[in-house]
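A short worksheet on the structure shown next.
As the structure lists them, so they are numbered: ligands from 1, and atoms in each ligand from 1. Here the structure is a predicted model, which means the values were calculated and not measured.
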Amino acid sequence: MAKTPKYVYFFGGGKADGNESMKDLLGGKGANLAEMAGHPDLRLPVPPGFTITTEVCTYFYKNGRKYPPELKSQVDAAMAKVEKLLGRKFGDPENPLLVSVRSGARRSMPGMMETVLNVGLTSKTINGLIKQSGGNERFAYDAYRRLIMMYSDVVMEKAEGIEPKDGKGIRKILDERLEEVKHQKGYKSDTDLTVDDLKALVEEFKAKVQEVLGKPFPDDPQEQLWGAIGAVFLSWNGKRAVEYRRIEKIPDEWGTAVNVQSMVFGNMGDDSATGVAFTRNPATGEPIFYGEYLINAQGEDVVAGIRTPAPINEESANDQSRHLPTLKQLMPKIYKELDDIRKRLEKHYKDMLDIEFTIEKGKLYMLQCRVGKRNGTAAVRIAVDMYKEKLIDADTAVLRVAPNQLVELLLPMLDPKAELATHPIAKGLPAGPGGAVGRVVFTSKDAVEWASRGEKVVLVREETSPEDVDGMHKAQAILTSKGGMTSHAALVARGWGKCCIVGCGDIEIADDNKSFRTKKGDVVVKEGDWISLNGTKGLVYVGQLPLIDVDIEHNKYLAEFMKLVDKARVLKVRTNADTPKDAAQAVKFGAEGIGLFRTEHMFYGEGSDKPLFLLRKMIVSKTTEERRKALDELFPYVKNDVKATLEVMEGRPVTIRLLDPPLHEFVPHDEEKLAILANELGVDIAELKKRAESLRENNPMLGHRGVRLGITYPEITEMQVRAILEAAAELIKDGKKAIPEIMIPVTCTPAELVHQKAIVDKVASEVKAKFNLNKLPFMYGTMIEIPRAALVANKMAEIAEFFSFGTNDLTQMGFGFSRDDIGSFLPDYLNNKILKDDPFQTIDQEGIGELIKIGIERGRSTRADLKVGICGEHGGDPESVKFCHRVGMNYVSCSPFRVPIARLAAAHAAIEEKKAMAAKGAKASKKKCAKK
Ligand code: PEP
Ligand code: MG
């Protein structure tokens, strides 16, 4: 007989059916509750409960929203265990057990799914609850009105798909009524409501639910329980959860678990409280206990940002909470107990954790613990500190930081000088570091719309809710007037490493959502106005302040971290740089050479007037003689340009690519420039235009470019090679080091390489003779950016000493997608899941990756020591970098700013490979043992 599947996992009383390793089945929350409750090293005070597995969620959606038949009896049995432990019964009027019903996916999705608290509270059980609370009627009716508010919204309206009346949902209707009563009675806070107020409200709310939703509020505990469970499963496919999954790339098939847990109350009086904390500071990584709590409150109150939470200790205080008493002062014994738990948890999990706790009548309970989200700055510091504390080894430390998290540490910040020269208009809490500048919008929808028009926006809201995630994602930064460091906006922004300021009480958003004013009333900022945020300090400025790059050299934790990274990696990291300034910056970022120096860049931008003029002269020359003359004039510019960069690189390898773009790109369009050029060449404008016109092509990307120019005009190759080798020779003569690597672009057949090599060899011997040098070290190689070149790589490698994969063109020509025009159809490809990612951003491993593998294999079959790298944009994309490691490249090359990210990705690749090999080895030796 088939075994009955286990759908329900119990935890509590020092025991648990599950454990931390079962996240796929129990979700993150359920797995960690089991671990905290049941692991012998922990056995923490966790209120007993049970987890319904993610398999049930999958089953639910596969079977027309029905549960597996075994579920009901398993839930009943688990509930009975909880009842036995607590000596209370679910639905018992005398001594009732109340439960919370919460979601919990494999990966945390903060606030994206539903929760219902106080389930089991009915007109019959309320008296039992009053008894349990020592006659606290106010507490019990407050719990009842909360249940009605939450349940009618989450279960009766949203989950059952009832359309809100007049666009106003039941939650809003009840909220407004609550506010009305408070207003009528002159109360400031919910806590001012009396027992009689609450009793009346409960009755009123029930009547309102019947009126608005057309059915009574359920008075049966079992109906409430199953309603809440169903609502949580349904919320997995709610709009905001789906949106969040899309952004975070969480698979739809994972499903959520449901955690049913006995209630403990932080709102039973002034000896009760609830809070959230991090075992280390999640914004800076400092190893201090960091958290917030609220006396006499339920869990949701902290996250919702309704009251300003107090700091658990002095170190957690901020400008808004400094005046409030800390938990350490108010309840020193509990604080100590919590701090001990913090230490035990860190020792056990060996990571920074995010915990939720409740204190009920002076007794501490742990409600949640999970690996805490942190920004990049904190991630680096925590990894380094934990390594030094010997909690983790070097490899683990390196793996603790995601390559893209480093982006934040390399992020621009507001120019401090500009900040000093002006005054902030407001100050809030620094939830996400870095600087950002954008135009103000007040709704998530506007943020999405404006951003799609290419506008930089800052989303300003009272507080954010999960519905806002899309707009938050599109905005440069987020500013909220309410909420604390653990509010929704702070958690989400921190996860993304986005600049964010929360709880900025200095500003007041107008009712029409079109402007905000500072509380002092002196500044009004309207929709579309520019503001600048310093997310590291929580400062808001009007206008556009300049952004500057950060100084990574003085970041001590980053320096230590990168040392561990460099020890772990095998793959070298070079940079794509065309100026000495970029090259120097890249060296500071750890570049070990230049993988792509695009010669044509000297003809763009600052100081390019003269060389560009000479290049144009060369381009429109008619005879070889004319062309040679122009090239001779151009020669010193090219030589100096190359020399300056070779010098900065101090003997590190520098791959210099010969002229690549189609010449027509450089022909001037304006009449004045044409006239000057015509004059210089001694021809009339009409003749010049004719010459320019003759260069026009229908498909320039597939036209006369790259090596094809050098084949038609060998003198162009000759001049460039001479410039490169003379630059190197001059440096060598000065006692310096220089290793140029001459790279031929857009090749597709070895014959092209042979043709160009003859020129290179001739020039090399001439330069050696001229400078009286015995040796002039350089390499000769090619880009592999045409599929044919990859396929005939064995032959290409007979001549080329190195390959550099130009994956921009290789992707363009492999897919047949124009790299300049893909924007018009790529969104349709992504939305229809025809492509998973933009192939110009991350290597298409299945297709283009295969060409790369073939290219490397065939190339090395001819030349075993063939040096192989990549210089397309993919060289800075972490997933692509890992791929490059796996296929055995020697280096990747990327823009200077992405060098540290590529170094980290390369280290991850090496460590992952090492682990996979160790696992394979362990498996093999196990097999061997088994055979013996
Ligand atoms: C490439 O094609 O990947 C490359 C690096 O060259 P470019 O982008 O200059 O065409
Ligand atoms: Mg190219």
Scan side-chain atoms only and decide if [X] and [Y] contain a donor-acceptor pair under the 3.5 Å cut-off.
X	Y	answer
Ser893	Asn576	yes
Thr842	Asp877	yes
Gln756	Thr717	yes

Would you call [X]-[Y] a salt bridge at under 4.0 Å N-O?
X	Y	value
Lys563	Asp566	no
Lys867	Glu741	yes
Lys690	Glu693	no
Glu850	Lys853	yes

Mind checking whether Arg705 has a heavy atom under 4.0 Å from ligand 1?
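It does, in that a heavy atom of Arg705 comes within the 4.0 Å cut-off of ligand 1.
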Classify the contact between [X] and ligand 1 as side chain, backbone, both or neither, using a heavy-atom distance cut-off of under 4.0 Å.
X	value
Asp809	both
Met783	side chain
Arg598	side chain

Considering all heavy atoms of both residues, which atom of Leu776 and which atom of Ala764 are nearest to each other, and what is their separation?
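Looking at all heavy atoms of both residues, the shortest contact is CD2-O, 4.5 Å.
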Output, by chain and residue number, all protein N/O/S atoms separated from the Mg ion (ligand 2) by less than 2.8 Å.
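You should have found Glu785 OE1, Asp809 OD2.
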Is there at least one pair of N or O atoms, one from Asp660 and one from ligand 1, spaced under 3.5 Å apart?
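In this structure, Asp660 places no N or O atom under 3.5 Å from an N or O of ligand 1.
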Do Glu600 and ligand 1 have an N or O pair less than 3.5 Å apart?
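No, there is no polar N/O contact under 3.5 Å.
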Numbered atoms of ligand 1 (with element) below 4.0 Å of [X], judged on heavy atoms:
X	result
Glu785	1 (C), 2 (O), 6 (O)
Leu596	5 (C)
Cys871	5 (C)
Gly806	1 (C), 2 (O), 3 (O)

Considering non-hydrogen atoms of the protein only, which is the closest contact for atom 8 (O) of ligand 1, and what is the distance?
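Going atom by atom, the protein heavy atom closest to atom 8 (O) of ligand 1 ends up being Arg819 NH2, 2.7 Å.
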For atom 6 (O) of ligand 1, the protein heavy atom that lies nearest, with its residue and separation:
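Looking at atom 6 (O) of ligand 1, the protein heavy atom closest to it is Arg657 NH1, 2.9 Å.
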From Val746, Asn808, Ile784 - option closest to atom 4 (C) of ligand 1 by heavy atom
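Of the listed residues, Asn808 has the closest heavy atom.
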Pair Arg691, Glu626 - check salt bridge (charged side-chain N to carboxylate O under 4.0 Å, His left out), show working.
CA-CA 13 Å; Arg691 290 188 191 181; Glu626 259 178 30; 3.4 Å; yes
Residue that, paired with Ile852, satisfies side chain to side chain contact (heavy atoms under 4.5 Å, CB included) out of Val868, Leu810, Ile784
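Exactly one option meets the side chain to side chain contact (heavy atoms under 4.5 Å, CB included) with Ile852, and it is Leu810.
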Check against salt bridge (charged side-chain N to carboxylate O under 4.0 Å, His left out), Lys770 and Glu726
CA-CA 9 Å; Lys770 179 174 170 187; Glu726 285 204 10; 3.1 Å; yes
Going by the angle between their ring planes, with limits at 30° and 60°, are Tyr829 and Phe825 parallel, tilted or perpendicular?
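The arrangement is perpendicular - the two ring planes meet at more than 60°.
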